[in-house]
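Note sheet for the following structure.
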Amino acid sequence: MEDRLKVINFLQDFGCTKLSHLQKLFGNENDNFKNILYNNMVSKKGDIFVHNTRKINDNMLVALDILCKYKKRLIRFYQGYEPVYITLLTNEHLLYHIIVANEDNKKGTVKLINSYPLSLHKADKLILAFPDREELENIDCEIPFLYTTYPELEVLNNDEDKENEEIT
């Protein structure tokens with residue numbers, strides 16, 4: 001019962017998630033999480049679970065894909081607000097912001113990132129997820145960042161001065 005409430009609270013905070021995210025974040029690769037589909041609090045559309053007060057948010061799903069890649073290094077994580085979808089703290093005590101842009105807002109997101117730190121809360125590093133590689137050359141940020149394209153999460157940082165880490 002308590003585990004089911006943790007998952008429902010997670011969905012209430014993040015709105016939607018894939019089954020694979022739940023399996024990774026809650027440590028049970030064999031669970032299908034059907035036990036949370038009662039009382040119309042959560043619905044399932046394909047492999048995506050959605051809280052009844054929210055809609056499927058593709059950018060949040062990308063941010064959760066990235067979060068799952070950091071699962072081994074996580075201490076805790078929190079939902080953020082656009083364009084910072086998730087803030088996470090790693091076991092190296094580094095604070096990351098996962099920022100996701102889509103075709104409609106990618107130029108505005110680049111402007112926001114370039115005006116850092118005034119426009120965003122303090123973080124040690126940024127993880128930037130964009131639908132393509134076009135905006136990488138336009139980013140001029142003071143703090144280290146990892147640039148990735150989605151849905152394949154291909155890391156594209158080529159700048160020798162920036163820390164180029166793998167998402168693992």
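The structure displayed is predicted, hence computed values, not measured ones.
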| request: Could you check Arg73 against Tyr96 for side chain to side chain contact (heavy atoms under 4.5 Å, CB included), going step by step and ending with a plain yes or no? | output: CA-CA 12 Å; Arg73 297 167 49 187; Tyr96 287 76; 3.1 Å; yes
| field | Test log, rule side chain to side chain contact (heavy atoms under 4.5 Å, CB included), inputs Lys55 and Val50 | value | CA-CA 7 Å; Lys55 296 180 181 176; Val50 184; 5.6 Å; no
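A donor-acceptor contact shorter than 3.5 Å links the side chain of Asp124 to the backbone of Leu95. Formation of a donor-acceptor pair under 3.5 Å by the Arg133 side chain with backbone atoms of Tyr147 is not found in this model. Here the side chain of Asn105 pairs no donor or acceptor atom with the backbone of Ala101 at under 3.5 angstrom. For the pair Asn114 (side chain) and Asp140 (backbone), a donor-acceptor distance under 3.5 Å is present. Side-chain atoms of His97 never come within 3.5 Å of backbone atoms of Ile99 as a donor-acceptor pair (strictly under, hydrogens ignored).
Under the 4.5 Å side-chain criterion, counting only non-hydrogen atoms from C-beta, Tyr150 is not in contact with Leu61. Side-chain contact between His21 and Asp65: present, with at least one pair of heavy atoms (C-beta onward) separated by less than 4.5 Å. Using a 4.5 Å cut-off on side-chain heavy atoms (C-beta onward), Val7 and Arg4 make no contact. Counting heavy atoms from C-beta on, the side chains of Phe130 and Val110 come closer than 4.5 Å.
Between Arg54 atom CZ and Asp13 atom CG the span is 7.5 Å, to the nearest 0.5 Å. Residue Leu37 holds its CG atom at 8.0 Å from OG of Ser43, rounded to the nearest 0.5 Å. The CG atom of Leu67 lies 6.0 Å from the CG atom of Leu88; values are rounded to the nearest 0.5 Å. We find the CD1-NE2 distance between Ile75 and His93 to be 4.5 Å, quoted to the nearest 0.5 Å. Atom CZ in Phe49 sits 8.0 Å away from atom CG in Leu11 (nearest 0.5 Å). Rounded to the nearest 0.5 Å, atoms CG (Leu64) and OG1 (Thr17) are 5.0 Å apart.
At most 12 heavy atoms of other shown residues, nucleotides or ligands fall within 6.0 angstrom of atom CG in Asn40. A 6.0 Å sphere centred on NZ of Lys107 holds no more than 12 heavy atoms belonging to other residues, nucleotides or ligands.
The hydrophobic cluster containing Leu74 also contains Tyr85, counting ILVMFWY residues as joined when their side-chain heavy atoms lie under 4.5 angstrom apart, directly or transitively. The cluster map of Ile, Leu, Val, Met, Phe, Trp and Tyr, joined by side-chain heavy atoms under 4.5 Å apart, puts Val62 and Tyr78 in different clusters. Grouping the Ile, Leu, Val, Met, Phe, Trp and Tyr side chains by contacts below 4.5 angstrom, directly or via other members, places Met60 apart from Ile48. A single hydrophobic cluster is seen to contain both Leu25 and Tyr70, as judged by linkage of ILVMFWY side chains at heavy-atom distances under 4.5 Å, directly or through other members. Residue Phe10 is not grouped with residue Ile56 when hydrophobic side chains (ILVMFWY) are merged at heavy-atom distances under 4.5 angstrom, including chains of intermediate members.
For Lys106, the salt bridge (charged side-chain N to carboxylate O under 4.0 Å, His left out) criterion is met by Glu103, Asp132, Glu134, not counting sequence neighbours.
Paired with Ile127 under the rule side chain to side chain contact (heavy atoms under 4.5 Å, CB included), one option of Leu153, Leu146, Ile86 passes, and it is Leu146.
Listed here is the closest heavy atom pair of Ala123 and Leu126: CB-CD2, 4.4 Å.
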Which donor-acceptor pairs under 3.5 Å do the side chains of residues 26-33 make with protein atoms, sequence neighbours left out?
from: Asn28; atom 1: OD1; to: Asn30; atom 2: N; distance (Å): 3.2
from: Asn28; atom 1: OD1; to: Asp31; atom 2: N; distance (Å): 3.4
from: Asp31; atom 1: OD1; to: Phe33; atom 2: N; distance (Å): 2.7
from: Asn32; atom 1: OD1; to: Lys34; atom 2: N; distance (Å): 3.1

